[in-house]
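Numbered from 1 within each chain, the chains take letters A, B, ... in sequence-line order.
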Protein chains: 2
Amino acid sequence: MFEPPTLKDIANALGLSTSTVSRALRDTYEISAKTKKLVFDYAEKINYQPNPNALSLKERRTKSIGVVVSEVANHYFSQAINGIESIAYDRGYHVIITQTHESYLREKINVQHLASRSIDGLLVSLSAETADTSHFNYLHERGMPMVFFDRVPNNINTHKITANNEQGAFEATSHLIKSGCKRIAHLASSDHLSISIERLRGYTAALHQHGLQVNPDYIKHCPHGGMFPEETEHAVSELMNLKDKPDAIFIAGDRLSIGCLEVLKKLNIKVPEQMAVAGFSNSNVLDLFEYPMSSVRQPAFEMGEAATEMLLQLIESKYPVTEFKDKVIDTELFARD
Amino acid sequence: MFEPPTLKDIANALGLSTSTVSRALRDTYEISAKTKKLVFDYAEKINYQPNPNALSLKERRTKSIGVVVSEVANHYFSQAINGIESIAYDRGYHVIITQTHESYLREKINVQHLASRSIDGLLVSLSAETADTSHFNYLHERGMPMVFFDRVPNNINTHKITANNEQGAFEATSHLIKSGCKRIAHLASSDHLSISIERLRGYTAALHQHGLQVNPDYIKHCPHGGMFPEETEHAVSELMNLKDKPDAIFIAGDRLSIGCLEVLKKLNIKVPEQMAVAGFSNSNVLDLFEYPMSSVRQPAFEMGEAATEMLLQLIESKYPVTEFKDKVIDTELFARD
DNA sequence: TAAATTTATGCAATCGTTCCCGAGAACGAT
DNA sequence: ATCGTTCTCGGGAACGATTGCATAAATTTA
């Protein structure tokens, strides 16, 4: 049905060979000016576009990069994607976005799919379920360029870019403490994620620094990052059923924040009077509340940009890269009362 | 660097020809069982994956569809995309997502890019800026299968799927009236979009039915659908500067709703005491407010599914399709007080 | 005028895959 | 022994683009 014109079409119409047409279009020195003009004009007229599949086959690259994130509905990721696209488009690369919905299996399938689509490189933020990264190791060992951002593995030697999670968590927790909270709980994503570990570290550091005890009962992990509402509900309920209820919660993520607020509303617990809340989130909607929650913002757009820069550097490098960067970008605390 | 195995590699290793290997892998009847076994096992061992570019070149199709939406951060679109992916993946298609950010130029570039990537079909929701659809007409005339959803053009004859915008707007506006509001303003996206026209129609119908006048000063359009904060701010300020201020606003979209609430908060106008608000939105975060706004939900996931079904039908049809559906799905009003 | 050089173009291989042919072997039937 | 089938398999031409090499014509040089 949809049959775009090819080099051969131009060649036949003009009584030239495909090689001449090809060279004319690519403005090679060995083609005469008038032939070039002839070809240019005709190509323009029929709106010729080179077939990208033929090109990819020949050049052995697709000029497209794959992106693996948990969900585009997450504000952090949608902003990061905007950063990724801004760089990629500028450099002539296409971006293929896939979502894991925090599922390990989905991640594996997506990565497999992307690799089989012969993309030039991979930009990844791990799913909450992912503990085993062998599907990435496999590709990495075979030379597939990849850069991790936000949620990074520790056993793959490549560029990584993360927010300063420990600092962000420290500041948010400290803010809660300074607001007068004493019993601060922590609602976290799955416990093996790099971001979870780092944010937990910041949280405990803040407690220690202010002479508060770390109460293990106050720390709740959601293995699927709050992807299932029941998960969050269960965690928050457990906190509320403690005999020594927390008076604040430091929440480790966007989706968890929204989920947690939903549960608190359902339980009819007033925020912030009965329960102070602060956490990581890139959603500006949270500012619309009568009493907005304090939030740690990650520089999502910049992280997307930086990760893409790094990936393109890997892709376009003539020699195998052996020195890898581990870039950490500071977060920003938007303190509210 | 990353050189996946090819048919030839298998053929050489096994002392067969590429055609035999090809046929063996595709389980053709003319290959003996033991040869098949041999090939299968070896292919399995080296994890052979057919080169998709070579396949696309040969088969003249890419098994991927392009999606054009304004923003993935919009909850309506992120849910629609989930619907699209659920169908597409099941049927073995890949999904390439592009964002217009409500820009006509960006849309044109993206569509051009997608077409040049020789995708098999297109799933489109128009940008707020788009008045001229000739970039789609051009492709459509040449036989590119395409399905429009949500924001549809009226001069392209193909499958379309929309929410019942008029009904939704009517219900939301009626709800405001029944809550006692008399001077109901309407904050809309750009005035040539199909959704804007239909929602405006529902809004005026509701006013008429309840014996209220339609005041043109109360109707404000944002040409970029609130993509720029100043746009919304300007529109809302104008409403607030009227000598006969509205007592309610019916808002035509997700982004506009959030933008409008931001402005109202900034102007220190209490919702809903000083200003009742209702509108189209698929964001569940709005329910977290102390006084949640009533919202019209579109069945985004289902719309994505349906649009994809239709598109795949067009793509895979043996004969040119001439009968086109225009599916309208009902919205649902979530009334709050 | 013949040889050398430049200029402009075409031929053919290549990328990885499929598929139309055709080739050879095995086998049974005549 | 010859022929027609059937079963396996390989050769080679596509698909659309690029590119090294060959070649013809045009031009310059000796």
Side-chain angles (χ1 to χ4, degrees), chain A residues 1-40 42-43 46-64 92 94 115-120 142-143, chain B residues 1-40 42-43 46-64 92 115-120 142:
Chain A
M1 309 255 268
F2 184 67
E3 299 284 342
T6 71
L7 276 190
K8 202 192 283 181
D9 296 334
I10 303 182
N12 288 341
L14 265 39
L16 296 168
S17 76
T18 58
S19 30
T20 305
V21 176
S22 170
R23 273 184 275 247
L25 286 174
R26 317 187 57 253
D27 210 11
T28 322
Y29 68 96
E30 34 190 354
I31 301 294
S32 69
K34 64 173 184 299
T35 306
K36 274 183 190 169
K37 173 106 176 61
L38 193 71
V39 174
F40 270 132
Y42 188 74
I46 64 169
N47 191 23
Y48 169 77
Q49 297 277 115
N51 181 317
N53 289 307
L55 273 176
S56 296
L57 185 59
K58 187 103 187 70
E59 313 269 319
R60 305 160 130 225
R61 75 203 153 104
T62 56
K63 279 276 198 174
S64 59
H94 211 76
S116 85
R117 293 276 313 170
S118 58
I119 48 159
D120 295 348
R142 275 160 187 72
Chain B
M1 308 255 268
F2 184 67
E3 301 282 342
T6 72
L7 277 189
K8 201 191 283 181
D9 295 335
I10 303 182
N12 289 340
L14 264 39
L16 296 169
S17 77
T18 58
S19 22
T20 305
V21 176
S22 169
R23 274 183 277 246
L25 287 175
R26 292 182 305 111
D27 209 12
T28 322
Y29 68 96
E30 34 191 354
I31 303 294
S32 70
K34 65 173 183 298
T35 306
K36 276 182 189 170
K37 174 107 175 61
L38 192 71
V39 174
F40 272 131
Y42 187 73
I46 63 169
N47 191 23
Y48 168 78
Q49 299 277 113
N51 181 316
N53 289 306
L55 271 177
S56 296
L57 186 59
K58 194 100 186 79
E59 312 270 318
R60 306 162 126 214
R61 72 199 157 111
T62 55
K63 278 277 196 176
S64 59
S116 85
R117 295 276 313 170
S118 58
I119 49 158
D120 295 348
R142 275 160 188 71

Using a heavy-atom cut-off of 4.0 Å across all strands, would you classify [X] as base, sugar-phosphate, or nothing?
| X | value |
| --- | --- |
| B:Ser19 | base |
| A:Leu55 | sugar-phosphate |
| B:Ser32 | sugar-phosphate |

field: B:Thr28 side, atom OG1; B:Lys36 side, atom NZ - distance, nearest 0.5 Å
entry: 6.5 Å
query: Can a donor-acceptor pair under 3.5 Å be found between the side-chain atoms of B:Arg60 and the base atoms of D:dG16?
result: no
- request: Answer with yes or no whether A:Ser56 presents, from its side chain, a donor or acceptor under 3.5 Å of a partner atom in the base of C:dC15.
  value: no
What is the separation between atom [atom1] on [X] and atom [atom2] on [N], rounded to the nearest whole Å?
| X | N | atom1 | atom2 | result |
| --- | --- | --- | --- | --- |
| A:Ile31 | D:dT18 | CD1 | C1' | 13 Å |
| A:Asn51 | C:dG16 | CG | C1' | 14 Å |
| B:Tyr29 | D:dC7 | OH | P | 9 Å |
| A:Arg26 | D:dA17 | CZ | C1' | 9 Å |
| A:Arg23 | C:dA8 | CZ | C1' | 10 Å |
| A:Glu59 | C:dA13 | CD | P | 20 Å |
| B:Arg61 | D:dG16 | CZ | P | 15 Å |
| A:Lys63 | D:dA17 | NZ | C1' | 16 Å |

Just by modelled atom types, is the [Y] backbone N or O under 3.5 Å from a matching donor or acceptor in the [X] side chain?
| X | Y | value |
| --- | --- | --- |
| A:Asn12 | A:Asp9 | no |
| A:Ser56 | A:Pro52 | yes |
| A:Asn53 | B:Asn53 | no |

task: Using heavy atoms to find the nearest nucleotide of DNA chain C for B:Lys8 and A:Leu16 separately, return the residue whose nucleotide is more 5′.
output: A:Leu16
message: Taking only side-chain N and O atoms of B:Ser17, does any of them lie within less than 4.0 angstrom of OP1 or OP2 on D:dC9?
response: no
message: With a 4.0 Å limit, can you tell me whether A:Thr35 has a side-chain N or O closer than that to the phosphate oxygens OP1/OP2 of C:dT9?
response: yes
Side-chain heavy-atom pair A:Leu16, A:Val39 within 4.5 angstrom cut-off: yes
query: Starting at the 5' end of DNA chain D and moving along, which residue's nearest nucleotide shows up first, B:Lys34 or B:Lys58?
result: B:Lys34
Given DNA chain D, 5'-ward residue of the pair A:Tyr48 and A:Glu30, judged by closest heavy atom: A:Tyr48
query: Who is the Watson-Crick or G-U wobble partner of C:dT30, with both distances under 3.5 Å?
result: D:dA1
task: Between D:dT19, C:dC15, D:dC15, spot the one nearest the side chain of A:Leu57, thanks.
output: C:dC15
